[in-house]
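Data first, discussion second: the structure below is written as structure tokens.
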Amino acid sequence: MKIGLVCMLKGRGMKKGFTGIKALEKLSQVEIDKKACEAALYNIDYTLECLKWVKNHGQGMFRVSSSLIPYNEFWNWKNFDSILEKLKILKKFAKDNNIRLIMHPDQFTVLNSENNEVVHNSIKILNHHYEISELLGVEDIIIHVGSSKGDYKERFIKNTKLLNKKLKAKILLENCHSVGIEDVIEICEKTGIRPCLDFHHDRIKPSSQSFENYIEKILNLSKNKVPLAHISSPAGDEKNSYKSHSEYISTEDLIKFRKYFDLFDVEIEAKGKEKAVKKVVDFFKKI
DNA sequence: TCGTGTCAAGGCCCT
DNA sequence: AGGGCCTTGACACGA
């Protein structure tokens, strides 16, 4: 049972260096290199701080932010030895302390889009995540199905064939607001991709059966790896802010989902970040 | 120094 | 066909 912190400590996040592409395009390459490299070095140091927090509290899991290397397409970050050196330190720290590192590209990754350019761009995003994952020893890259229109499952299955095999082996598919765990499992069975179960998304988009009935399949599809799950509590009720995350995982939800913490490594998706993780850890210490 | 509006990318839903 | 919304923090800019 690992309990995962997501991307940052409360109150502080990654540096980007500049706001938006328009601002970036006004700069010379030298200026972009300088600002972006500075931001990347800051981000890597900050990520190490997060890992130290994880080490000291024994949760054993952390999601690395996708903006670790900001605006990666616009500069040759791999040419900067200072960055590669720092990444090595991160990798070693995670490995030495048995911290499972996760990555989770954002909503713009739509492998099954009806638009080919979007598919192409999604593959670029995934390839970037793969590069970072190799440098950091990340074995899990979680994505959503993306589109839920028409033959979306067939498109997803077809497009996974475009992925590098080693990248594909790292990918997990998570149920989301629009595609339930049952459909995710169907895609996983046909592609060999591992599923990731989001307990809260299952409330928003339930499948034909309660999620408990899919646990066995999820365990089987996870092969020899510990399966991953996401937990979050809604900020509002079903009419209002039900999709957004609250500060902490509610005690009610911890009681409801506690038995799955034995089977899964669980990422804590909550605004309270490390405080929310701490609360979950304390909950399990007490029982 | 503080507060506020802006920021690459997609999908979906409503009009 | 087009606009708002999803979600959230960093940053730039103006007061």
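Note that the coordinates shown come from a computational prediction; the quantities given were computed from them, not determined experimentally.
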query = Which whole number of Å gives the distance between the P atom of B:dG10 and that of C:dG9?
reply = 23 Å
Verdict with supporting geometry, A:Glu154 and A:Lys190, salt bridge (charged side-chain N to carboxylate O under 4.0 Å, His left out) = CA-CA 10 Å; A:Glu154 285 69 24; A:Lys190 290 179 180 165; 5.3 Å; no
inquiry  = Using a 4.0 Å cut-off to any heavy atom of chain A, which nucleotides of DNA chain C are the first and last in contact, reading 5' to 3'?
reply    = C:dT7 to C:dA12
key: All ring pair (Phe, Tyr, Trp, His ring centres under 6.0 Å) counterparts of A:His200, not counting sequence neighbours   = A:Tyr242
query = What interatomic distance, in whole Å, is found between P of B:dA8 and the corresponding atom of C:dC13?
reply = 13 Å
inquiry  = Using a 4.5 Å cut-off between side-chain heavy atoms of Ile, Leu, Val, Met, Phe, Trp and Tyr, which other residues end up in the same hydrophobic cluster as A:Ile102?
reply    = A:Met61, A:Ile142, A:Leu172, A:Leu228
request  = Nearest whole angstrom, please: distance from the C1' of B:dA9 to the CD of A:Glu25.
outcome  = 13 Å
ask   = Short question: side chain of A:Ser207, backbone of A:Gln209 - any donor-acceptor pair under 3.5 Å?
value = no
query = With sequence neighbours left out, what residues match A:Glu247 under salt bridge (Lys or Arg N to Asp or Glu O under 4.0 Å)?
reply = A:Lys10
For nucleotides 11-15 of chain B, print each protein N/O atom paired with a nucleotide N/O atom at under 3.5 Å, atom names and distance only.
from   : atom 1 : to       : atom 2 : distance (Å)
B:dG11 : OP1    : A:Ser113 : OG     : 2.6
B:dC12 : OP1    : A:Ser148 : N      : 2.6
B:dC12 : OP1    : A:Ser148 : OG     : 2.6

task = State which residues pass ring pair (Phe, Tyr, Trp, His ring centres under 6.0 Å) with A:His144; sequence neighbours excluded, sorted by chain then number.
result = A:His104
remark   = By ring pair (Phe, Tyr, Trp, His ring centres under 6.0 Å), A:Phe283 pairs with (sequence neighbours left out) none
task = Write down the distance separating the P atoms in C:dC5 and B:dG5, rounded off to the nearest Å.
result = 14 Å
request  = Taking atom NZ of A:Lys223 as the centre, report whether more than 12 heavy atoms of other residues, nucleotides or ligands fall under 6.0 Å from it.
outcome  = yes
task = For A:Lys278, look at atom NZ and say whether over 12 heavy atoms of other residues, nucleotides or ligands are found less than 6.0 Å away.
result = no
ask   = Is it the case that A:Asn112 and A:Ser147 place a side-chain donor and acceptor less than 3.5 Å from each other?
value = no
key: Counterpart residues, salt bridge (Lys or Arg N to Asp or Glu O under 4.0 Å), relative to A:Lys52 (two or more places apart)   = none
query = When you match A:Lys35 and A:Lys10 each to their closest nucleotide on DNA chain C, which lands nearer the 5' end?
reply = A:Lys10
ask   = What parts of residues 15-24 of chain A reach DNA chain B, counting only heavy atoms under 4.0 Å away?
value = A:Thr19, A:Gly20, A:Ile21, A:Lys22
note = Applying salt bridge (Lys or Arg N to Asp or Glu O under 4.0 Å) to A:Lys35 and not counting sequence neighbours gives none
key: Partner set under salt bridge (Lys or Arg N to Asp or Glu O under 4.0 Å) for A:Lys86, not counting sequence neighbours   = A:Asp45
remark   = One should report the stems of DNA chain B, each a stretch of at least three consecutive Watson-Crick or G-U pairs at distances under 3.5 Å, as B:1-7 with C:9-15, B:10-15 with C:1-6
ask   = Roughly how far apart, to the nearest Å, are C:dT7 and B:dG3 at atom P?
value = 25 Å
